[in-house]
There are 2 protein chains.
Amino acid sequence: MTSQSAPRTARDFARIELTRAILEAARRHLAEVGPGELSVRSIARDLGMASSAVYRYFPSRDHLITALLVQCYDESAALVEAADAAVRPDRLRQRWIAMTLALRAWALDNQHEYALLYGSPVPGYAAPQDTVGPATRVPQALLQLMADAEEAGTVLGAPTAPLSRKERAALAPISASVGRPISDERVLRSLTGWALLIGGLSLELFGHLNRGVLDYDLNFRCLVEQAADDFGL
Amino acid sequence: MTSQSAPRTARDFARIELTRAILEAARRHLAEVGPGELSVRSIARDLGMASSAVYRYFPSRDHLITALLVQCYDESAALVEAADAAVRPDRLRQRWIAMTLALRAWALDNQHEYALLYGSPVPGYAAPQDTVGPATRVPQALLQLMADAEEAGTVLGAPTAPLSRKERAALAPISASVGRPISDERVLRSLTGWALLIGGLSLELFGHLNRGVLDYDLNFRCLVEQAADDFGL
DNA sequence: CAGAAACGAGAGCACCGCTCTTGTTTCTGT
DNA sequence: ACAGAAACAAGAGCGGTGCTCTCGTTTCTG
């Protein structure tokens, strides 16, 4: 780890402070240039230090990106969770709408960050273990919504052919992560919802709707409303 | 344009041949390194020419990427269309399954190419007009399927609240592109289907299902089967 | 057959991630 | 208190990138 517990000495304090400053500058750059062109050198210039000094705090550009990844996952997930919590728990449909709109709002405000999280992986980059926790917060929130829907006894929209044993087995780790009983059909529904959400946002933000859809806000709203219908919310 | 009609002279011939060779080498590299690290220099090395010579044929790296973009859009769309055509036209559900499986198969075989098409845009890159035609072939195929479903008189799965006038207006360019009558609800369904398809593939290929889903093949199949149910196919 | 156009190759510019060395500052054990 | 160890900032440097410019050669065209 980079910082051990408390800043005992002045040096410790300076270290965590500079680490924060570097990350902050990186994030500031990310607002303008996109993940692929994030440059350690320009960040260092921005902070008035030699580029080699940055490597005292982040051993490589990838480590810096990992830190940004975690920060952005957490930031967006916090917004989604907050939007969820702001709605009465039994208003299931409204919660779904609120969560999806929250993620879209964040994505629109932080397009390069969205690309970092859900776009193509950065060049030679393989996400380390640190990111998986934060990365699962949003899909977990969707899962919890579905579990609530199951407890409330809502019926799924369209009739679905029952899943085979093998199909159920493939979803086992997810079902187990919910922490309470949930049918495999609902687990699958949350996956669908997640895929639809990310797909819709990616198509919009990566420019695939350019010629075609005129009103992006309205289009996204239609998408999630229709999904709510399908999910029986 | 790069080549005007016929290769009249030996030089013309050499030019289109070399252009093709460069593109081919670029594509070969793309199978291994990912769009962001495609390097003009390494492609030139691969062909045994000076990097500056490549710029006689593609004025910039972005132009080269554009050519790859078009090629990949066309290649994947051709597979999707072929899969569609291989099924009896009135087997709507089977056509949907075939098309989605075809795109997934291509994406799995060409992961970097998929990232190029549907991942985050390449750094400073803005897709020019040339790419929009090929890019719309897949969503167009989905739209045509939905139009066929409408003609066949299938009913949509879950009940949907009717779209508002503004919502219908936002979809107008797409409806018009179908070339025959289609309800706005079905247009919206194709958008949902497209978003779900791209979202599902992106989540899978960009590593978001790593811990969770055990069997990717099965999971994707479940996704599209369930979507077929929702779409009333 | 001369002039023009296209060509390939090389040097060079400014940038990148990253490493190594050097000299300085700060902490720590005795 | 002080010496040794550890952390630090800065600079030079390596090999890579996209791209430009120049220069000598080849090919086409009027």
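Side-chain atoms are counted along with the backbone in the values below, which use heavy atoms only and exclude waters and symmetry mates.
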| request: Just compare C:dC15, C:dC18, C:dT28 and give me whichever is closest to any side-chain atom of A:Arg61. | output: C:dC18
| said: Going by the rule salt bridge (Lys or Arg N to Asp or Glu O under 4.0 Å), which residues pair with A:Glu225 if we only count those two or more places apart in sequence or in a different chain? | reply: A:Arg93, A:Arg221
| Reading DNA chain D 5' to 3', which nucleotide is the first, and which the last, to come under 4.0 Å of any heavy atom in chain A? | D:dA6 to D:dG13
| Contacts of A:Asp215 that satisfy salt bridge (Lys or Arg N to Asp or Glu O under 4.0 Å) - sequence neighbours left out | none
| For the pair made of OH in A:Tyr55 and P in C:dT21, what is the distance, rounded to whole Å? | 18 Å
| d(CZ, A:Arg45; C1', C:dC15) in whole Å | 8 Å
| field | Pairwise side-chain contact, A:Leu64 with A:Tyr57, heavy-atom cut-off 4.5 Å (strictly under) | value | no
| note | Angle separating the five-pair end axes of the helix from C:dC1-D:dG30 to C:dT30-D:dA1, nearest 10°, is 0°
| said: Any heavy-atom pair between the side chains of B:Arg186 and B:Leu143 that's under 4.5 Å? | reply: no
| query | For nucleotides 5-14 of chain C, read 5' to 3', which letter fits each nucleotide if B means a protein heavy atom sits under 4.0 Å from the base, S means only the sugar-phosphate is that close, and - means neither? | reply | BBBBBB-B--
| said: Once you apply a heavy-atom cut-off of 4.0 Å, does A:Leu38 come out as touching a base, just sugar-phosphate, or nothing? | reply: sugar-phosphate
| Non-hydrogen side-chain atoms of A:Phe231 and A:Trp96 separated by less than 4.5 Å | yes
| Who pairs with B:Arg20 by salt bridge (Lys or Arg N to Asp or Glu O under 4.0 Å), at least two apart in sequence or on another chain? | B:Glu17, B:Glu24
| Does the cation-pi check pass for B:Arg104 over B:Phe220, that is, NZ or CZ under 6.0 Å from the six-membered ring centre and within 45° of its axis? | yes
| field | Non-hydrogen side-chain atoms of A:Leu203 and A:Val213 separated by less than 4.5 Å | value | no
| request: Examine distances only and state if a side-chain atom of B:Asn110 and a backbone atom of B:Trp106 form a donor-acceptor pair shorter than 3.5 Å. | output: yes
| field | Ion pair check, B:Arg27 and B:Glu32, cut-off under 4.0 Å | value | no
